[in-house]
Amino acid sequence: MGGLIVKTFIKVVIACSVIALANQTAAKQSLDPAINMSLFNEHSAVMLVVEPQSGEIKFANKAAAEFYGYSIAQLQAMQIQQINIFTEQQVALERQAALSKGQNYFVFKHRLANGETRTVSVYSAPFTINNKDFLFSVIHDISSQRSLEKALWHYQENLEELVASQTNEIEEKRADQLMLALISISLLMILLATLMVLTTRLRIAKKSAQKDSAMLKAIFNSIDDLLIFTDTEHVVITANTMAIQKLAAGESLKGRNIYSFIECPKGVVEVDSECQFHGVKEVFWGDARVTAVTDETNSKVGEIHLIRDITMQLKARQQQRLASTVFSATNEGILVSNRDNKIQAINEAFTQITGYQEQDIIGKSPAILNSGRHKPSFFKLLYQRLSEEGHWEGEVWNRRKDGSIYPSWLNISVVFDEEKDIELYVALFNDISLRKENEQEMWLQTNFDSLTGLVNRSYYNNKLDQEMIRASADNKRLAICFIDLDRFKNVNDTLGHNSGDLLLLEAARRLKACMRNSDVVARFGGDEFALLLPGINALADIERLAKKALKALSSSFQIAEQDVFLSGSMGITIFPDDGIDRKILLRNADSAMYKAKEQGRNCFEFFTSGLHEQATARSKLENALHKALKNNEFTVYFQPIVSHDKKTVGCEALLRWHSDELGAVSPAQFIPVCEELGLIIPIGEWVLREACREAASWCRCYGDGFFVTVNMSSVQFIRQDIETLVKTVLQESQLLPQCLTLEITETLLADNSSNTLQQLQALRAIGVGLAIDDFGTGYSSLSYLKRFPLSKLKIDREFIKDLPDDLEDCAMVSAIISMASNLHLKVIAEGVETSAQRAFLTALNCDYIQGFLYSKPLPAALFDQYIKAFIAQQQT
């Protein structure tokens, strides 16, 4: 009804305004005389005329001035946004809600001049004057109505609590009655159980005699040895199961003479003897003991024959005799030690090889033979293998009594006792010095150049095959370089071959000195050399080594008391960029070498022009980076990180670079270069200081719940004292430690060094948070989460982008969040861009959301505006 009245009133006012406008002169055709009439100004309802585009209040009546506490002139100088405390987003949401409910009014919160906030309903109607659009708004204060609704809800909740309380009292009384009934039933059950026990005991007593008889029979038959009872004439009266099986193959022995099975003198009583027994199926040796059985009058009534099968024992004795013969006669040194690894026995060959006599070595540890060439970890692994597998075999360097060291081939076996515990160690070894010398000589002849001592083509090719397999497994590059000495033929022809050989020797020495320990330098023949550079991904490193080698070759050579000047032409090809087949790569390197000669010699050339372009671009990037920090080209951007309940807000500090020379450069492009050049250390310090300085002001404004996360490179942890750096920066910026989180990568954790662990523990001790970045995309070992003192876990955007449609990603994210929750780690999902992704993550209780759904990374000033608006929105 109120809506209909307002609509009618609005229509009347608009009509009056139109009539008044029609009667004005051409000079008076403005908005002011059309609206300021007595009907509008004196009406008791709060009314405003607003220009929708700018929000300016064009007219306000007296009722509006009384309601808001401003004068009419003050109101007409204001914008509606200064009264309505809703943001544009909230206004849009309210309009949408009114449209969906079919309402003809909106509910807003307006601020009065005295600072009070009132809930109002706004009825608005558009109209146009002189081709200008305006809104005519009537405002009603509904604050009291809303308070009444809250009071009614409170009353209803109290009423429900009262009903629940009464219901609980009724249930408690019923429970007491049920308890009395259960107690009565329990007493009856106890009486019945007592009667059952008495009955059972009577039955047990009745069967006791039967059990005793059965027990004696069972014991008689369970004995593993043969037990036979005969009469005085040695005729079997009874026998146990083992005797029946061994002698009669399961048939009865009763009535047969015991000595029909035995090959030994008859009548042996109470004397042990070893006899051979002939059963139906097998013959075995037994240790027989015969005992007379007498009655009360000491008269003999029979004999008990206890026979133990000793066939295996006799075989063991034979094997021991054989082993003793072998032990003494073998040419291999033998050492036997007990479970405590104290030497118990040695043979003659041991003495001949080591020089130690029996009196020198018995009771000592085999460690007396240690040469010192093997690390403790080698023997730790050796004994671990012995414990697990019972055997170890391999090459070991030992020391003789005279101190000389020799190589030996060692074979160790473990003897276990019946409980599977180690009882003895038996070691066999021999001196392989001569064999090693022969093998070494043959190996050198096969794989090394006789003149320079460098590896030859055969060795180089085999090494290249191995390194290509390793590079493929590690996803790394491999550089193959061919070098040809320029003008070497002239030296050979002029100074002679002897001088040429001296020059080749010096060139080989210089090339070797330029390379790393992991690099291979080879001579293919004549003046051709080859380099193999494994584990190199950066073209800059390849260029550096190539320049170093060519520079070494271009220095003068002192040959035959005169200076000789040469240079080298180098061709470079890359695995797998230029090929994955050895023959193709060697051909490519050779082609690139000739290309270098064509370019004027004393230079290097890559096989592909594309790599030249990359190298050039890399060089420009490095030069620009060296000047970037000094020229203030870096900026720190901040991206919001919002908790799932939107009550806590933080941000991630992200480094951005706009080069004066190169323009905007992606962090993915320049940060790895910074790490390689060591520039990440000063740049990382600068980012940490900037982020903490900005965050300190936000923490003072928005409370300790605000936090900032800063990425830290593994290079910084290796080369810096991060604990000292962080403490210094926190003190300078006055930022609380709990407001700072450092993001580290799985690469740092995979290093697993004690120094890293100590630094991380020290940071956690002062209150700084630690987050593992991009979890699941690197090594992703769960042991990191247990070993290192982490506080947050960040799910990589690769797992987020296809949510919630990709079922595998859904399962993976759900598992990560569940695991992190059980480990008391907070989870941050980065790369969230849609409401559907946020809804899915919120349902899984993901702690924080980060992504374009909330905002892209912003400069500090824009982020400050963003967070102010965000917090104001949540407060309303």
Side-chain angles (χ1 to χ4, degrees), residues 196-325 390 415-421 423-424:
M196 291 293 291
V197 170
L198 293 175
T199 303
T200 302
R201 286 183 177 178
L202 290 174
R203 291 177 180 174
I204 292 172
K206 184 176 180 180
K207 295 180 180 179
S208 178
Q210 298 175 354
K211 286 187 177 181
D212 290 341
S213 176
M215 185 182 300
L216 290 174
K217 185 177 181 180
I219 293 172
F220 184 69
N221 286 320
S222 65
I223 296 175
D224 292 335
D225 298 328
L226 286 69
L227 191 61
I228 303 171
F229 180 61
T230 67
D231 60 15
T232 55
E233 299 299 325
H234 314 300
V235 176
V236 177
I237 297 174
T238 184
N240 70 349
T241 301
M242 182 60 70
I244 294 171
Q245 290 177 353
K246 283 275 191 180
L247 299 176
E251 297 181 2
S252 176
L253 287 173
K254 188 174 183 181
R256 301 180 66 176
N257 193 300
I258 183 64
Y259 288 107
S260 64
F261 301 100
I262 306 175
E263 290 186 10
C264 63
K266 298 182 181 181
V268 180
V269 179
E270 298 182 351
V271 176
D272 291 334
S273 60
E274 294 180 358
C275 304
Q276 194 173 31
F277 291 81
H278 295 268
V280 175
K281 292 186 177 181
E282 63 178 350
V283 176
F284 63 92
W285 283 88
D287 183 8
R289 181 178 181 83
V290 184
T291 304
V293 180
T294 59
D295 59 11
E296 294 85 351
T297 62
N298 205 27
S299 299
K300 184 177 179 180
V301 296
E303 296 173 345
I304 293 179
H305 296 254
L306 179 62
I307 304 166
R308 177 168 296 167
D309 188 346
I310 60 171
T311 305
M312 297 305 296
Q313 294 179 13
L314 292 177
K315 289 183 179 179
R317 291 178 194 172
Q318 184 180 8
Q319 290 176 352
Q320 287 177 355
R321 288 193 295 270
L322 178 62
S324 177
T325 302
V415 179
F416 296 97
D417 60 18
E418 296 177 354
E419 284 75 28
K420 303 299 181 182
D421 293 328
E423 184 174 10
L424 297 172

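The residues of the chain are indexed from 1 along the displayed sequence. All values below come from the heavy atoms of this structure, side chains included, with hydrogens, waters and symmetry mates left out. Remember, it's a predicted structure, so these values are computed and weren't measured experimentally.
- Among residues two or more places apart in sequence or in another chain, the salt bridge (charged side-chain N to carboxylate O under 4.0 Å, His left out) test is passed with Asp231 by none.
- The CG atom of Leu226 sits 10.0 Å away from atom CD1 of Ile244, with the distance rounded to the nearest 0.5 Å.
- Here Ile237 contributes atom CD1 and Ile228 contributes atom CD1; the two are 12.0 Å apart, rounded to the nearest 0.5 Å.
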Quiz prompt | side-chain contact (heavy atoms from CB on, under 4.5 Å) between Thr230 and Val235, intermediate numbers included | solution = CA-CA 5 Å; Thr230 67; Val235 176; 5.7 Å; no
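- Separation of atoms OG1 (Thr311) and CD (Gln276) is listed at 8.5 Å; rounding is to 0.5 Å.
- To the nearest 0.5 Å, the span separating CG on Asn257 from NE2 on His234 amounts to 7.0 Å.
- A salt bridge links Asp225 and Arg308; the closest N-O separation between the charged side-chain nitrogens and carboxylate oxygens is under 4.0 Å.
- A donor-acceptor pair under 3.5 Å is absent between the side-chain atoms of Asp287 and the main chain of Ile310, judged by distance alone.
- Of all the heavy atoms in Ala288 and Phe277, the pair that sits closest is CB-CZ, 4.1 Å.
- Side-chain contact check for Phe261 versus Leu253: some heavy-atom pair is nearer than 4.5 Å.
- A 4.5 Å side-chain heavy-atom check between Phe284 and Leu247 finds at least one atom pair inside the cut-off.
- Residues His305 and Tyr259 form a side-chain contact, since some pair of their non-hydrogen atoms from C-beta on lies under 4.5 Å apart.
- In this structure, the separation between CH2 on Trp285 and CG on Asp309 is 12.0 Å, given to the nearest 0.5 Å.
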